[in-house]
Amino acid sequence: MFELIAFYTISVLTIGLFLVTVLSKNVLYAMTALAAGMSLISGYFFMLGADFLGVVQLIVYVGAVMALYAFGMMFFDVTRDIKEKNTNGAVVFIIAGSVAVMLTMIFSMPLGINSIMTLVQPEVNATNPEAVGLVLFTKYLVPFEVAAVMLLVAMIGGIILAGKKMDDSLTSTEDDKIIDTEGL
Amino acid sequence: MIGLNHYLVLSGLLFAIGLVGVLRRKNLLMLFFATEIILNAANVAFAAISHYYNDLSGQMFAFFIIAVAASEVAIGLGLLILLYKKHGTLNLDDLASMKG
């Protein structure tokens, strides 16, 4: 009963917040709504018994990714509303709506249900983080290491891309532009 | 009771919202936000299937998706900052340099 209430409340909230993210004209509103939606998504993971995944979602998405976006936001002009030229918005909604209907039909298809079998059974007496650790460091060790190398590469790439020429500041170049246009 | 189908339909809805964002927005930062929504929709579906089939593989895949999303944001924001320094805008229509 409580699961029912929680599921419907959280799903209405996430759908609403993500709609705000997608449709809003202001970057700050969009980012705040995205952060709130992401933290609510971890609620699904806790309801599904995937405790460790929920905590990782909170730390990585709501903590790290959103902080990164907030830092990146300092480089962009976010006080202005975004002006976008939206050509044929109806086509977009038709495409997305038909994809949603198609996905729902695929998900509700009874095809091949009997051929699904469990690959990695969790340990019987283990809590969720324990079971995840046991599987991650035995069966998924190589992908784990590859992901570690990928994160290292991404970190170095991010530092080099954003950190190069950090000393000539963005705001001063913008000021020059303003002065130029005023001169003309 | 909440079944697997509830979660899958919800995940499909979130995916469609993200798809609307990817197709409709012209600002690169907003495109990034929409991509995050799509990745989260996939994560919800993975976690739900992992729970209802009592199989940990789904959660493992969700972990790797989160790792990929984190590195995508790190690299992507660096590229966005470079683009903004060079052109002064993140609007895709203004960034189109190859007129075809």
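Convention: sequence-line order gives letters A, B, ...; per-chain numbering from 1.
Looking at B:L90, the atoms closer than 4.5 Å to chain A (heavy atoms on both sides) all sit in the side chain, from C-beta outward. Contacts of A:I159 with chain B are absent, with no heavy-atom separation under 4.5 Å from either backbone or side chain. When heavy atoms are compared at a cutoff of 4.5 Å, A:A64 does not approach chain B at all. With a threshold of 4.5 angstrom between heavy atoms, A:M73 approaches chain B through side-chain atoms but not through N, CA, C or O. In this structure, chain A has a heavy atom under 4.5 Å from the side chain of B:N5, while its backbone stays farther away. For A:V27, the parts lying under 4.5 angstrom from a heavy atom of chain B are both the backbone and the side chain. When heavy atoms are compared at a cutoff of 4.5 Å, A:L4 approaches chain B by way of both its backbone and its side chain. For A:F45, the part sitting under 4.5 Å from any heavy atom of chain B is the side chain, from C-beta outward, and nothing else. Looking at A:V99, the atoms closer than 4.5 Å to chain B (heavy atoms on both sides) all sit in the side chain, from C-beta outward.
A:Y29 OH: 12 or fewer foreign heavy atoms inside a 6.0 Å radius.
Ring centers of B:Y7 and A:F7: under 6.0 Å apart, within the cut-off. Taking the six-membered ring for Trp and the full ring otherwise, A:F52 and B:F63 have centroids separated by under 6.0 Å.
Between the side chains of A:Y61 and A:S39, no donor-acceptor pair of N or O atoms lies under 3.5 Å.
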